[in-house]
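Order of the sequence lines sets the chain letters (A, B, ...), proteins ahead of strands, with each chain counted from 1.
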2 protein chains.
Amino acid sequence: MSATRVKLSDVARDAGVSPATVSRAIAQPDLLSPKTLAKVRASAQRLGYLPDGAARALASGRSMTIGAIVPTLDSAIFARALQAMQARLAQSGYLLLVASHEGSPAAETQAVRALLGRGVDGLMLVGAERATETTALLEAAGLPVVLTWCGDGRFTAVTIDNARAGRLAAEHLIGLGHRRIGMIAGHLQFNDRQRARLAGARRALAEAGLDLPDSLVVEQALTLAGGRAGCAMLLELDTPPTALIGGIDLFAIGCLEEAHARGMIVPDDLSVVGIDGLDMSAHVSPGLTTVHVPTGRIGNLAAQTLLAMVARQPVEPETLLPVELVVRRSSQAAAG
Amino acid sequence: MSATRVKLSDVARDAGVSPATVSRAIAQPDLLSPKTLAKVRASAQRLGYLPDGAARALASGRSMTIGAIVPTLDSAIFARALQAMQARLAQSGYLLLVASHEGSPAAETQAVRALLGRGVDGLMLVGAERATETTALLEAAGLPVVLTWCGDGRFTAVTIDNARAGRLAAEHLIGLGHRRIGMIAGHLQFNDRQRARLAGARRALAEAGLDLPDSLVVEQALTLAGGRAGCAMLLELDTPPTALIGGIDLFAIGCLEEAHARGMIVPDDLSVVGIDGLDMSAHVSPGLTTVHVPTGRIGNLAAQTLLAMVARQPVEPETLLPVELVVRRSSQAAAG
DNA sequence: AGCCTTGCTGAAAGCGCTTTCATAGTAGCG
DNA sequence: CGCTACTATGAAAGCGCTTTCAGCAAGGCT
């Protein structure tokens, strides 16, 4: 074990200055004369001084920490967004405190409470739908909050147009002549992203005079296996769809799998379109047609926005990032 | 914005008790009489009191926060491990502070410094190889540290036998009659996991009287594209290998891709084996033979171990988790 | 030359909580 | 019953830092 930790006053004594000066050497170096600064830095260096974050946070009111609450870290999507956030935050000396709620609003509330208690300087959340208690907590705390993927018009947000993503997927399929299109969506409970994607697809179909009956929509857990299962259900219908939209790429990849297992050829026997634009989607076979979502940018921008808010700079209330259809081999013109 | 935050003393006044009592109501409820406890809780509830973590950390010396430093969050492997950690920690009221170093030892040092500064109660790191400065920092701090994937005999560790993973992959291929086996490894610089896997494979080959010349080993960035590129290089050799080992599943999946793009049939023309056991690997086509690594368990156990260490309970200096060969369709007996 | 800036540093008061230490009841015991 | 031994609470001293608020030099100005 170490000797008692070196503290600011030790550095001050060593450098022959007051604690205030050492503090300034760390936080506002330009207030000091070059000579003093050098002296303090030398002492700090030599003693191996590491400021105590808790004390700094308590005294200054800022923890240099940003919180992020996602449904799960175990998802290529959120992992990428968090990596991007973390990278951006690190540049500014901030650290990321993460929590996940696994799709439970109550767990999200708990997470917000925990992060707020830890004194995060800002908070990133996914989606706009949550327990009213959570929102109340957030508002009472009055700290910078950035919503991602979906906004609610109240909190600052970095979003994508999920409905448009659904629409693009559907329109692509409609354009290819498909008339009977199915969709596998994530559980719509507490998942506004999936709801919006489904609604967008449904809307596009309706505008084309097509219907998206409940029988052609299945809700599944957000996993590859969920995609397979959903695909299986849809393909076993009396009149199965000729094309499928996956609410996330993972679903679509599951569809590819399931179709393959059934001896069906994608895209000859079934067209499949995903939404997300995972790296993996370009590499499955056949390459997955998907609506690309700039996941990394969402994370980066969320971090940037939070940082700006912490610094009391003005920010866009809502930044809408573009989604884009990427056509690959998993979709083609409907037979006949 | 909110009114000034409710603090402990407000609750104390409201409940008609001393601050000490309120503090105890939070941290050591059984020290209070049921009556007092109820009174305090009621006040806290009504006022919406949320303890200030920074103040608690400063006064108590514990931040209820565990740090984790991984190469990147944007990897199915680390994402899963972190999710498992986070879930376990949350159960005990701890939060996860994450940082990534993107393969840079210097960045890792910085991250350690940042996390130590934030007063984490414990730290999870990946691998055993790091800048001596980092190790010095860790030792000086004298806080619970758990290494994952690889241990170094000094710090507590939750590991897998990476060499064995490489060996299992190689032996499987050797057993199938392959004589010319190539390997795609991650950059070996600052990556002891990859080095061990390569060494294990090489050892197995040597024991079978086979050679793994440098020409059959390529180092690539840890991405799917890296796997493809590595595969391409190996296949373009004058006498290309008949089987490939991917240092991570992503590489192996890249190989599947690349082989497919070249019109080669896996496993007829080329056998491919990965190491990791990604979910995705069961779903690519052909299904990937891989050495499964219990990634989630690593995270869970790392969390559990850290929690035990924080509580000053004795822990295993090193827990070795099993790896296991999972044979799927991407590997078969060598032709002729 | 006297006065006012401007620039740099120090003194000291907290930030909101935990934690000895001390105290006052309360019960148990011979 | 008087004494010990708890138990439940309060008083107060920090935890290590930041941040006004002053103060003192050293110039710049008229």
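- The closest donor-acceptor contact from the side chain of A:S60 to the backbone of A:R56 lies under 3.5 Å.
- Each salt bridge (charged side-chain N to carboxylate O under 4.0 Å, His left out) pair with one or both residues in residues 141-155 of chain B, not counting sequence neighbours, appears once here: B:E139-B:R154.
- In this structure, A:R13 places its CZ atom 16 Å from C1' of C:dG10, rounding to the nearest Å.
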Protein-nucleic acid N or O pairs under 3.5 Å, nucleotides 24-28 of chain C:
none

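- When the side-chain hydrogen bond (donor to acceptor under 3.5 Å, both in side chains) test is applied to A:Q189, no partner is found at least two apart in sequence or on another chain.
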Can you give me every donor-acceptor pair (side chain of residues 91-101 of chain B, partner residue at least two apart or in another chain, under 3.5 Å) with its distance?
residue, atom, partner, partner atom, Å
B:Q91, OE1, B:R88, NH1, 3.4
B:S92, OG, B:R88, NH1, 3.1
B:S100, OG, A:Q83, OE1, 3.4
B:S100, OG, A:Q83, NE2, 3.2
B:S100, OG, A:Q86, OE1, 2.7
B:H101, ND1, B:G103, N, 2.9

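- Sorted by first and then second residue, the side-chain hydrogen bond (donor to acceptor under 3.5 Å, both in side chains) pairs with a member in residues 112-131 of chain A read A:S63-A:D121, A:E108-A:R130, A:Q110-A:R113, A:R113-A:E133, A:E129-A:R195; sequence neighbours excluded.
- Partners of B:T319 by side-chain hydrogen bond (donor to acceptor under 3.5 Å, both in side chains), not counting sequence neighbours: none found.
- Where DNA chain D meets chain B (any atom under 4.0 Å from a heavy atom), the bounding nucleotides read 5' to 3' are D:dA8 to D:dG16.
- Applying the salt bridge (charged side-chain N to carboxylate O under 4.0 Å, His left out) rule to B:D192 yields no partners; only residues at least two apart in sequence or on another chain are considered.
- Pairs of residues two or more places apart, or lying in two chains, that qualify as salt bridge (charged side-chain N to carboxylate O under 4.0 Å, His left out) and include a residue from residues 62-81 of chain A are A:D74-B:R80, A:R80-A:D279, A:R80-B:D74.
- Here the CD1-CG distance, from B:I298 to B:L321, works out to 6.0 Å after rounding to the nearest 0.5 Å.
- Screening residues 20-41 of chain A for salt bridge (charged side-chain N to carboxylate O under 4.0 Å, His left out) gives no qualifying pairs among residues at least two apart or on separate chains.
- For the segment residues 53-66 of chain A, the set of residues with a heavy atom within less than 4.0 Å of an atom of DNA chain C comprises A:L58, A:A59, in numerical order.
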Practice item. Please assess B:D52 against B:K7 for the test salt bridge (Lys or Arg N to Asp or Glu O under 4.0 Å), listing each intermediate value before the final yes or no. Key: CA-CA 8 Å; B:D52 179 317; B:K7 58 184 78 162; over 6 Å; no
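- Using a 4.0 Å cutoff on non-hydrogen atoms, the parts of residues 15-25 of chain B near DNA chain C are B:A20, B:S23, B:R24, ordered by number.
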